[in-house]
Structure formats: structure tokens, C-alpha cells
Number of protein chains: 2
Amino acid sequence: MERVPLVAAANVSERLAQPPALAISTVIFALRPSVSSGRPTLWLPLVKRIREPFKGLWALPGGPLTQAESLLDAAARNLQDTTGLAPSYLEQLYAFGGLHRSPSQRVVSIVYWALVQSTEAEQAEESENVQWFRADGLQELAFDHNEIVKYALWRLRNKMEYGPIAYHLLGEKFTLAQVREVYEAVLNRSVDPANFRRQLKQTAGIEPTDEFLQGGKHRPPRLYRYSGTNNHLVKTHLLEQPLLERAGPPGHPPPTL
Amino acid sequence: MERVPLVAAANVSERLAQPPALAISTVIFALRPSVSSGRPTLWLPLVKRIREPFKGLWALPGGPLTQAESLLDAAARNLQDTTGLAPSYLEQLYAFGGLHRSPSQRVVSIVYWALVQSTEAEQAEESENVQWFRADGLQELAFDHNEIVKYALWRLRNKMEYGPIAYHLLGEKFTLAQVREVYEAVLNRSVDPANFRRQLKQTAGIEPTDEFLQGGKHRPPRLYRYSGTNNHLVKTHLLEQPLLERAGPPGHPPPTL
DNA sequence: ATCAGTTGTAGTCAATATGACTCTAACTGG
DNA sequence: CCAGTTAGAGTCATATTGACTACAACTGAT
């Protein structure tokens, strides 16, 4: 553990003169159909930097925290402002505050991660400065955003395995095969359809509808709906909840940037 | 989702004039022997506020982020400065940024949580302004610190169930019964000794030593050592690690303060 | 020397969860 | 009406877990 020199700690006036800048950024994931295979893949929208530092490189959407909004509101607003997307799931990821994240000023970024439904993602228009990229083999991004995306991806996979999160990547109604495709796309492994169905059935919150998906060359699969609290943006304190679901981050500390 | 009025968002100059203050605080847990029963209990040190707001109430130890230190370093240093404690485990908990956390200024707190070994906790001297409190039935604290402690407790219990974290509350060498006592104290339920031993044996990282704990009225239990990376303060990027241990936060979003 | 008390160690048993697999019903397009 | 494909239910062996029993080892006290 490094110790800060007493000289620096005592120099209060200098500290107050130039406090670290505070930014809010968000990693947003969406499922988009792959061009080659029919399987959907994980994508995320990035914004091209139009000024230094890292001018020309791609970066996570983000912006400042204004006085009148909470951190969550700021993340949602910046997301709306820069990409036009309204996420169906939004959660704080981590606060990154390493010393040299930006070459110019000291910046502390409170990063959120989000999921948008595929319908939303399709509507989102791409422009010169906003484009979708595959989440896996990502090019070099501005700042430490490669690390951040990596961590967000880890968190997404974690939540996907133990929490009811997949539905936020689909529309309101979906077939069980589509849910399975989400799992396969995110976790990057094949899942047995029969066993997957069995597990989903004993999971609370998934209700069958009376509708079936028409148009395929096969037997029309039933459409389901997710009845769990579909809006994680609500401002409630969920700490009181007993551990209904399998709970628990592992001994896996986040990065110390 | 609330929308920020355009007026406020447009008033850039005012924003820059008074940016939100940034504070680093830490929730530190330690195991201390209970006075009544012999069983150890969870305690945490708090600091009495000597100035407004909330003058006279107890609060989490914390302080500012200085220019020359990372967030983790700032947490460790503030902990040292206010309580004299050096944690054996230190991890970011959450960034709290609600609008009205402090009555005077807008404050964003990046909160860490920590574990200190029982030997450390015993050495720590109490003073007029720094005292230990039981983690459960806590009195009213300054700011939103009651909520924060509650969330930290939830996180601790989570990690305890799935990660090798208990050893950071003990000394270097310990008996299996002591580990079990940690689990019972934190999770607040009794654990079957035989099953607990069975699980620990098939857990990597716990090595038996040749020593035995003398002084009891019984057969001397063997002392064990935890060989896992005992220092979670190291600055490494652990994202590359495969999911060796059971991994995964649930669909349990943190509070949106 | 004996005994009470606790730990270390092994093992049983039922309930549950999981992965691999089979089988049939339902629906499509030709 | 048929071939092809998926939906959906069920089977079976295996691994994990919680509750529980049994016993040997060892200490300190009587």
C-alpha cells in the first residue's frame, strides 16, 4: 500500500483548487443478429471522440453529472443524449478513479452498464459518430474503456448465470428458444434445449401467453412474458429483500483502476 | 425516469461553478468477542462528527480524494488517518450520489468496504471520537450511512457464502472451528461442523500446518493457513481470471441513492 | 485412573439439482 | 399425405447438499 507523502496531504489549498473531474459513462449491451450465421451476437454502441484527448478513437457514451440529477438519472440522460437509447436495465458497474486514465485532467468515472431490448436497438440510428460494435473482439478504445468493457462483460455473464436478466435483451414477448439464444450468445456456449426449458419453468416470473410465434417452417412456439419487475430503473431500496435467488459475488474483486 | 429540466441542463456555467463534492468512505468490519456469550460478533468502527452537518452523530470514516492517490489508496489512507486501522481486505462497495445526502452541499461518496483481522481490531485504541459498534442493531447515523452499512452487510454476507473471504477476519493461522465461528457470526445461523469441514477440505487454498492450538480444555485442534492471495490490495487486473469459484451477483440491484 | 468435553474423521441417507439423452406431439411446406 | 423440424415432456445416472450418527483422539479436571 502506497502512502501519500505528508506534504501532498497537507497542501489543502492545491487540492481544492483542482478537484478531480467527475464523469458518468455507460456500457450498453444489445443483441443483434449476426450477418454470417443466424445466431444473435452481443453488440454495444460507441461514440467517436471529436476532441482531444484520444480524438478519433471510439469511447463509451457518457457525460457530466449535473446538479439536479442522481447518478442513475445522469447515466440514463447521457445515454439518451448521445445515443438516443432508453435502456430496459441500468445498474451501476464501478467507479474508476486511477491516476492516469486521462492524459490531461484527473477524471473519476462512475460507470453504469445497461441492456436494451433488441427492438430498441434496431430502431437506433447509426451515424458518423455513433456506431455499433461487437462486444468481443473490440478494437482499441479511448481511455481505459477496453478494461471497462471487459469488466462489464464479466458482470453481465455473471448476472446472466444467476439472475433473471436475459429478458431485458428481448422484447416484451419471446419464445423459450429466443431466451436460450440469449444465453448461448452471452455465455458463449451451447445449452441443451430440454434442460434449459426445465430450468426456466421452475423459475418464477416467466408466464406463458396464449399467443404463438407464426411464420416459421415448424411448429409455432409459444410466446412467453416476463412478469418480474421489468423496470430496474425504479428508485427503491431493495436491500430488505431476502436472498430469494442464488446470491453472491465471488471472491472476485473488481479492478483497481 | 425523471427528466432533468432543460433549463438546468443548459446552465453550464452554474454547474462548473459548484461541482459535486467527492468523498471516499469505508465500511470496516471486524470480529470481536461478545461480552455476554463467548461467540464473536460483527463490529464496525465509527467516527463522531465534530462539525455540522450531523454534528454529534456517528458516521463512517472517510475523507477527501487527493490528487496523487487512486480511489483504493484514498480509502486505505483515510482509514488509517481516522481510525488507525490497516485492513486485510478492501474492495469498492458502491458510489452513492443521491441528491440530498447532505443538507448543505451535493456530495458523491465512493464507498469501500473492508475487513480487518481480529488481532488488528484488538490493538486499535478507542477514543472519544472513534468507537466500535455492533453491526446489527445500529443507532441512527449521519447522512445515509445506515443504508450504506446495510448494503455493505448484504455484500459481506454474499461474499462470505461464495468466496474465500472469512480468513481476512481471522489471523494468519486459525482452526477450522474458528472459521466456522466466523460463518456463524456473519451469516447469523448455525453451521454443521462435519459438513462444514467436508466443504472446506475440497476448497483450494486452505493448508494444514504442523501446529496445534494449545491451551484449550480439549484435544488441541490443528491450525490451518490460508494460502490464497491474502492481499487484495494489490493493484492487479483480475478480470482475466476464469471463474474458478462460484461466481455471480444475483438480480439484486444495489440501491439507487 | 477415570471421566467429561470437544475436536478430528469417516460415513450414511434422503432430497435436490444437473447433464445427457430419448421420445412423442405439433406444425410447416411441398 | 408426407418429410422435415421444432416444441415439449419424460427418463436416468450422477453430483451436491443438509441432517444426522458414530467413534477415536486428546486435554484438563476430579
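Just so you know, these numbers come straight off a predicted model, no measurement behind them. Each chain gets a letter, A, B and so on, in the order its sequence line appears, and its residues count up from 1.
Of the candidates C/dT9, C/dT7, D/dG8, C/dT7 carries the atom nearest the B/Pro221 side chain, counting heavy atoms from C-beta on. For B/Asp192, counting side-chain heavy atoms from C-beta on, the closest listed nucleotide (D/dG8, D/dC20, D/dG18) is D/dC20.
Separation of atoms CD1 (A/Ile165) and OH (A/Tyr226) is listed at 8.0 Å; rounding is to 0.5 Å. Here the CG atom belonging to A/Leu90 is positioned 10.5 Å from the CG atom belonging to A/Leu71, to the nearest 0.5 angstrom.
Using a 3.5 Å distance cut-off with no hydrogens or angles, the side chains of B/Arg155 and B/Asn158 do not pair a donor with an acceptor.
Rounded to a whole Å, the OH atom of A/Tyr224 is 8 Å from the C1' atom of D/dG8. Taking atom CZ on A/Arg197 and atom C1' on C/dT22, their separation rounds to 16 Å, with Å as the unit. Between A/Gln178 atom CD and D/dA7 atom C1' the separation is 14 Å, expressed in whole Å. Taking atom CG on A/Asn195 and atom C1' on D/dA9, their separation rounds to 12 Å, with Å as the unit. In this structure, the CZ atom of B/Phe196 is 17 Å from the C1' atom of D/dT16, given to the nearest Å. Taking atom CG of A/Leu200 as the reference point, atom C1' of C/dG19 lies 16 Å away to the nearest angstrom. In this structure, B/Phe174 atom CZ and C/dG8 atom P are separated by 12 Å, rounded to whole Å. Rounding to whole angstrom units, CZ of residue B/Phe212 and P of C/dT6 are separated by 20 Å.
Map B/Thr175 and A/Gln199 each onto its nearest nucleotide of DNA chain C; the residue landing nearer the 5' end is B/Thr175.
Judged by atom type and distance alone, A/Arg198 reaches the base of C/dG19 through a side-chain donor-acceptor pair under 3.5 Å.
Residue contacts for A/Ala177: at a heavy-atom cut-off of 4.0 Å it reaches the sugar-phosphate backbone alone, with no base atom in range.
A distance-only check finds no donor-acceptor pair linking the side chain of B/Gln92 to the backbone of B/Tyr112 [under 3.5 Å]. In this structure, the side chain of A/Gln178 engages the main chain of A/Thr175 through a donor-acceptor pair within 3.5 Å.
Residue B/Gln202 places no side-chain N or O under 4.0 Å from the OP1 or OP2 atom of D/dT16. Side-chain N/O atoms of B/Lys201 include none lying less than 4.0 angstrom from OP1 or OP2 on C/dG8.
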